[in-house]
Visitor: 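Supplied in structure tokens, the structure appears directly below.
Every heavy atom of this structure was used, including side-chain atoms; hydrogens, water molecules and symmetry mates were not. Sequential numbering from 1 along the given sequence is applied to the chain's residues.
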Amino acid sequence: ASRPMLARGARCFSTASAASALRTEALAVPLFINNKLVPSMATESIPVRCPATQDILAHTPIATASEMQAAVEAARAAFPKWSQTSVSNRARVMLKLQALIRERTDDLARLISDEHGKTLDDAKGDVFRGLEVVEYACSVPSLMMGETLPNVATDVDTHSYRVPLGVCAGIAPFNFPAMIPLWMFPLAVTTGNTYVLKPSERVPLTTMLLADLSRQAGLPDGVLNIIHGTHDAVNFICDHPTIRAVSFVGGDAAGRHIHARAGATGKRVQANMGAQNHAVVLEDANPNAAVAALVAAGFGASGQRCMAISRVVLVGKAKAVLPLLLQEARKLTLGKGDTPGVDVPPLNSAAAKERITGLLERAIQAGAALPLDGRGATVAGLPHGNWVGPTIVTGVNTSMEIYTNEVFGPVLQVLEVDTLDEAIALLNANPYGNGCALFTRSGAAARKFQNQTDVGQIGINLPIPVPLPMFSFTGSRGSILGDLNFYGKAGVHFFTQWKTVTTSWKAVEAEAVSMAMPTMGE
């Protein structure tokens, strides 16, 4: 895209009317610096396409180095005053933000459906799960409380405080345009940091509306800033000496790169990465409830969730549920996300469709079968959509390419084992530890599963066990790099550091010089 087009589009961009504007003009997405929409002077951009039609909704600029520097400088300049703002007043901004998000949920959901492709109901869920973190951030005054101990020595007291780090940054993925940004900046700014956020270049519009709502809620200039770009923007965040911590959600290669590069400059990093989530079905499980859960968890959002169930492990006679699983999956309706009655929306990109189709073709060549084949699926009137229908793959083994890769599409792989012990061993041999589920009526089996399975988040008769924000998102092993998780207490700790003050107020001060190691006396 040319520079004049980007500048012209940015002037017409209004987050207050973005949902309606999308339908009239392809926007140039501006930057958000010091609470202002700033037209980018970039000479390159990436189109934001509607996944169902390929219509261009907007153009995401590849921000220049000086523009990204301006965003960091705004955050740096805002930090001294914001970090000294009372924690209660910082929390009050979140109280206002959560009210504004509730008020604008429908607008946010429409934006998500437009740029990502999700169904409207699923998009509202995306917003709500992020909103819950904003609500949790309202509790920061108590979550940041420190520790104190009087009289550690005679007339000596020690106080430890949790204090903000400074400028922090987030790199968000495409698959949750509202939820993941809301995992990041609300806790960061409420704990007293300032923030630079890079949304996915494929879904920037939802983040821009969230930024404007944050401004309306009362975040001061420079506390939240939005930049756009791809690899150069990521490397800029990793390398910039002012940025103290980086949050990332996305794929393995990017996560490893960010963890290594940002860590090399002394930054804290939390990186949520790939997942291959299994659901184990025992013979005693309620078949109807298990199948209903598997269909929703496997095909919802076209499988584009880091906690989607992509592998079903049928134990013993539980393989009898396969016909019911096929029956229910065939009932699902494929279509555009804002169409009533649609269950499975398009994939976000044509590249994803091509990749998934290739994995399925090679799975067949390796000996798998597709009793339900979503390749070649079509939707009337929408010939250019990124359509892959619900797909079930049987005859899968752990050496197949489709098993060793994160498919990230509406594909359920079915594996069969004889015992629960074999199922647990299969899960533990997988390198990822994001989530898993067990369907059973046996408390003893459930307890064994949750104690012996080396996965960070486990659902018992629940297919997508994403914790609420009073807990933390605790994916493990190959699914995370960094030792402090998103949101919950771990999230507060990620964005803060200890400062310890030891004070001595003696009635009679010692004046003699002592060269011995200080012990603070008795």
Side-chain angles (χ1 to χ4, degrees), residues 48 51 60 98 101 104-105 107-137 170-188 195 197-211 213-214 226 228 247-252 254-255 270-275 277 296-310 337 344-349 352 406 408-410 434-435 457 463-469 472-475 479-480 485-488 491:
V48 179
T60 304
Q98 64 85 25
I101 290 173
R104 299 294 297 277
T105 291
D107 290 337
L108 287 162
R110 282 193 292 271
L111 275 178
I112 292 169
S113 184
D114 280 335
E115 63 180 350
H116 178 279
K118 294 188 183 190
T119 66
L120 287 174
D121 283 345
D122 190 41
K124 289 176 183 178
D126 185 333
V127 174
F128 185 77
R129 291 309 298 264
L131 171 65
E132 290 179 316
V133 179
V134 180
E135 293 172 336
Y136 181 75
I171 301 166
F174 78 90
N175 59 321
F176 284 99
M179 184 181 78
I180 301 299
L182 292 173
W183 279 13
M184 295 178 176
F185 77 82
L187 268 183
Y195 213 74
L197 177 63
K198 191 201 87 65
S200 168
E201 64 278 7
R202 288 150 62 179
V203 292
L205 302 175
T206 304
T207 297
M208 294 304 296
L209 180 50
L210 289 172
L213 295 181
S214 299
I226 310 296
H228 302 294
S247 301
F248 167 79
V249 176
D252 285 358
Q270 52 179 190
N272 277 12
M273 305 188 301
N277 306 313
F299 303 124
S302 277
Q304 299 170 114
R305 296 170 176 156
C306 63
M307 286 293 285
I309 293 295
S310 55
V344 181
L347 294 164
N348 180 255
S349 70
E406 185 177 19
F408 226 61
N434 217 37
Q457 299 171 118
I464 305 181
V466 178
L468 293 175
S472 295
F473 189 96
T474 55
S479 294
I480 185 172
N485 306 91
F486 280 87
Y487 61 78

Visitor: Would a 4.5 Å heavy-atom cut-off, applied to side chains only, mark Gln457 and Asn277 as touching?
Guide: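 With C-beta onward as the side chain, the pair stays apart.
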Visitor: Is it possible for you to check whether Lys198 lies under 6.0 Å from the centre of the six-membered ring of Phe248, through NZ or CZ, and within 45° of that ring's axis?
Guide: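 No, Lys198 does not lie over the aromatic ring of Phe248.
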Visitor: If I compare all heavy atoms of Gln270 with all of Asn485, which pair ends up nearest, and what's the gap?
Guide: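 Here Gln270 and Asn485 meet closest at NE2-O, 3.2 Å.
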Visitor: Check whether any side-chain heavy atom of Tyr195 lies under 4.5 Å from a side-chain heavy atom of Pro181, and answer yes or no.
Guide: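 Tyr195 does not reach Pro181 side chain to side chain.
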Visitor: Measure centre to centre between the rings of Phe176 and Trp183, then say whether the value is under 6.0 Å.
Guide: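 Centroid separation for Phe176 and Trp183: 6.0 Å or greater.
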Visitor: If we count only N and O atoms by modelled type, under 3.5 Å, do the side chains of Thr206 and Glu115 hold a donor and an acceptor together?
Guide: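 Checked: Thr206/Glu115 side chains pair up, N/O donor to acceptor below 3.5 Å.
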Visitor: Could you give the distance from CZ (Phe174) to NE2 (His116), rounded to the nearest 0.5 Å?
Guide: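 Phe174 CZ to His116 NE2: 5.0 Å, rounded to 0.5 Å.
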Visitor: Work out which heavy atom in Leu205 is nearest to a heavy atom in Leu111; give both atom names and the distance.
Guide: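 So the two residues come closest at O-CD1, 3.8 Å.
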Visitor: I'd like to know if the side chain of Lys118 reaches the main chain of Asn175, judged simply by a donor and an acceptor atom lying under 3.5 Å from each other, with no hydrogens or angles considered.
Guide: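 Checking the backbone N and O of Asn175 against the side chain of Lys118, a donor-acceptor pair under 3.5 Å is found.
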Visitor: For the atom pair CG (Asp121) and CG (Asp126), what is the distance rounded to the nearest 0.5 Å?
Guide: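 Here the interatomic distance stands at 12.5 Å.
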Visitor: So, do Val203 and Asn348 sit near enough that their side-chain heavy atoms are less than 4.5 Å apart?
Guide: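 The answer is yes; the side chains approach within 4.5 Å.
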Visitor: Please give me the minimum heavy-atom distance between Glu201 and Thr60, naming the atom from each residue.
Guide: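 Closest heavy-atom pair between Glu201 and Thr60: O-OG1, 2.8 Å.
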Visitor: Indicate yes or no for a side-chain donor-acceptor contact from Ser200 to the backbone of Arg202 under 3.5 Å, with no hydrogens or angles considered.
Guide: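 Confirmed, Ser200 side chain pairs with Arg202 backbone.
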Visitor: Rounded to the nearest 0.5 Å, what's the gap from OH on Tyr136 to CG on Leu468? Could you check?
Guide: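 Separation between the atoms: 11.5 Å.
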Visitor: I would like to know whether Thr105 and Leu131 meet side chain to side chain contact (heavy atoms under 4.5 Å, CB included); could you show each step before the answer?
Guide: CA-CA 10 Å; Thr105 291; Leu131 171 65; 5.6 Å; no
Visitor: At what distance, to the nearest 0.5 angstrom, does OG of Ser310 lie from CZ of Arg305?
Guide: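 Separation between the atoms: 13.0 Å.
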Visitor: Taking all atoms of both residues into account, what is the closest heavy-atom pair of Asn434 and Ser479, and its distance?
Guide: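 Closest heavy-atom pair between Asn434 and Ser479: N-OG, 3.2 Å.
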Visitor: Determine the minimum heavy-atom distance between Pro199 and Thr207, stating which atoms define it.
Guide: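 Closest pair (atom of Pro199, atom of Thr207, distance): CB-OG1, 3.5 Å.
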Visitor: Would you compute the distance between atom CE of Met273 and atom SG of Cys306 and round it to the nearest 0.5 angstrom?
Guide: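 These two atoms lie 12.0 Å from each other.
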Visitor: Taking atom CG of Asn272 and atom CZ of Phe486, what is their separation to the nearest 0.5 Å?
Guide: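 Reported to 0.5 Å precision, the distance equals 5.0 Å.
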Visitor: Quick check: does any side chain N or O of Ser113 sit under 3.5 Å from a backbone N or O of Thr119, one acting as donor and the other as acceptor?
Guide: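 The answer is no, because no donor-acceptor pair under 3.5 Å joins these two groups.
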Visitor: For Ile112 versus Ala178, what's the shortest heavy-atom pair and its separation?
Guide: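 Heavy atoms of Ile112 and Ala178 come nearest at CD1-CB, 3.8 Å.
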